[in-house]
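Keep in mind the model is a prediction, meaning the values are calculated, not measured. For ligands, and for the atoms within them, numbers begin at 1 and follow the listed sequence.
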Amino acid sequence: MVEDSLSPASITDNLETRFIGQRVIYYPSLTSTNEVAKQAAQQGAADGTAVIADEQVAGKGRLKRVWLSPKGSISLSIILYPSLVYLPSLIMVAALAVTHSIEEVTGLKSQLKWPNDVLVDGRKVSGILIENNVQGSIVNYAIIGIGVNVNLRLSDFPEILPTATSLSDELGREVSCLELIRRLLVEIEKLYLALPAGGSIYREWRDNLVTLGRRVHIKSGKTDYEGIAESVASDGSLRLRHPDGSLTKIVAGDVTLCD
Ligand code: BTN
């Protein structure tokens with residue numbers, strides 16, 4: 001077992017970032033790093049503060065789902081204070097940071113499934129939950145929450161086994177959570193600071209989506225759609241082409257790839 005200490009000092013020691021991860025709030029066990037990050041943001045935590053835990057006992061997924069995060073997984077939330085215009089890009093920053101970091105640390109290639117899953121070999125290895133607090137045009141804070149299945153034996157978790165994987169299951173060896181978190185912090189900062197320069201992050205995100213061109217089933221709110229995932233816009237929304245030729249813009253939903 002790779003025994004990492006995720007203490008603030010081990011995260012920040014010579015960390016090559018300007019502000020992301022320079023402050024760390026760490027707990028061995030907590031409810032949800034996103035929830036703790038929200039409280040810290042409300043109390044004025046520094047921009048880029050990272051909340052990290054060895055395990056979450058009430059990890060939150062998208063669409064009010066439970067996110068399993070036992071020891072051996074990464075549970076990381078970053079507090080940001082971006083301007084409104086950058087909010088739609090945070091998912092792209094986070095998803096690309098995850099794929100870049102996984103490849104740099106393990107050599108594994110990963111793909112993105114709209115809107116925010118990271119897959120290795122077609123199975124989910126990481127999920128991202130962005131939570132924003134906005135009043136009018138003022139962003140009080142944004143939280144990027146990232147969960148990665150690092151050293152989990154998926155056979156111990158039959159409820160997610162059919163659709164999920166872990167880095168250790170893919171590689172046949174364990175991976176350092178500390179190294180992966182430190183890489184994630186560097187990648188998030190690089191991509192986040194590049195946002196004012198414009199479209200390249202959107203284009204890289206779009207080009208890494210396995211969803212495009214595929215026949216999909218999408219559950220969005222109470223509505224089910226089926227069609228071809230035709231394109232994504234720079235605001236992150238998906239254009240779905242229906243069998244009758246009509247087009248729907250979908251902002252959020254749960255996608256199943258049909259073929
Ligand atoms: C999903 O795929 O449904 C999103 C999963 C997001 C999980 C991460 S783990 C760190 C952060 N804290 C949470 O409670 N959720 C996110």
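The protein atom (non-hydrogen) at minimum distance from atom 3 (O) of ligand 1 is Arg62 N, 2.7 Å. Scanning the protein for heavy atoms near atom 2 (O) of ligand 1, the closest one is Lys124 NZ, 2.5 Å. Looking from atom 15 (N) of ligand 1 to the surrounding protein, the closest heavy atom is Lys60 O, 2.7 Å. When only non-hydrogen protein atoms are considered, atom 13 (C) of ligand 1 lies nearest to Gln56 OE1, 3.4 Å. Given atom 8 (C) of ligand 1, the protein heavy atom at minimum distance is Gly147 N, 3.6 Å.
Close approach of ligand 1 to Thr33 is summarised as follows: ligand atoms under 4.0 Å from at least one heavy atom of the residue are 10 (C), 11 (C), 12 (N). Of all atoms in ligand 1, listed by their number and element, those nearer than 4.0 Å to a heavy atom of Leu129 are 6 (C). Listed by number with element, the atoms of ligand 1 under 4.0 angstrom from any heavy atom of Gly59 are 14 (O). Short contacts between ligand 1 and Gly61, defined as distances under 4.0 Å to a heavy atom of the residue, involve ligand atoms 1 (C), 3 (O), 4 (C), 5 (C). The ligand atoms of ligand 1 that sit less than 4.0 angstrom from a heavy atom of Leu76 are 10 (C).
With a heavy-atom cut-off of 4.0 Å, Asn116 does not touch ligand 1 at all. Contact annotation for Ser77 and ligand 1: only side-chain heavy atoms (C-beta onward) come within less than 4.0 Å of the ligand. Neither the backbone nor the side chain of Leu63 has any atom closer than 4.0 Å to an atom of ligand 1 (non-hydrogen atoms only).
Checking side-chain atoms of Trp67 against main-chain N and O of Arg62 turns up no donor-acceptor pair under 3.5 Å. The closest donor-acceptor contact from the side chain of Asn116 to the backbone of Gly127 lies at 3.5 Å or more, if one exists at all.
Note that the OG atom of Ser69 and the NZ atom of Lys60 stand 12.0 Å from one another [nearest 0.5 Å]. Of the inter-residue distances, the one linking Ile20 atom CD1 with Leu80 atom CG reads 5.0 Å to the nearest 0.5 angstrom.
Taking a cutoff of 4.0 Å between a charged side-chain nitrogen and a carboxylate oxygen, Arg182 and Glu179 do not qualify as a salt bridge. Salt-bridge formation is not detected for the pair Arg239/Glu230: no Lys NZ or Arg NE/NH1/NH2 atom is positioned less than 4.0 Å from an Asp or Glu carboxylate oxygen.
Using modelled atom types, one finds a donor on one side chain and an acceptor on the other under 3.5 Å when comparing Ser7 with Ser10.
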Test log, rule side chain to side chain contact (heavy atoms under 4.5 Å, CB included), inputs Arg65 and Asp254 = CA-CA 11 Å; Arg65 293 198 183 118; Asp254 204 24; 2.4 Å; yes
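With sequence neighbours excluded, the residues satisfying side chain to side chain donor-acceptor pair (under 3.5 Å) with Glu103 are Lys109.
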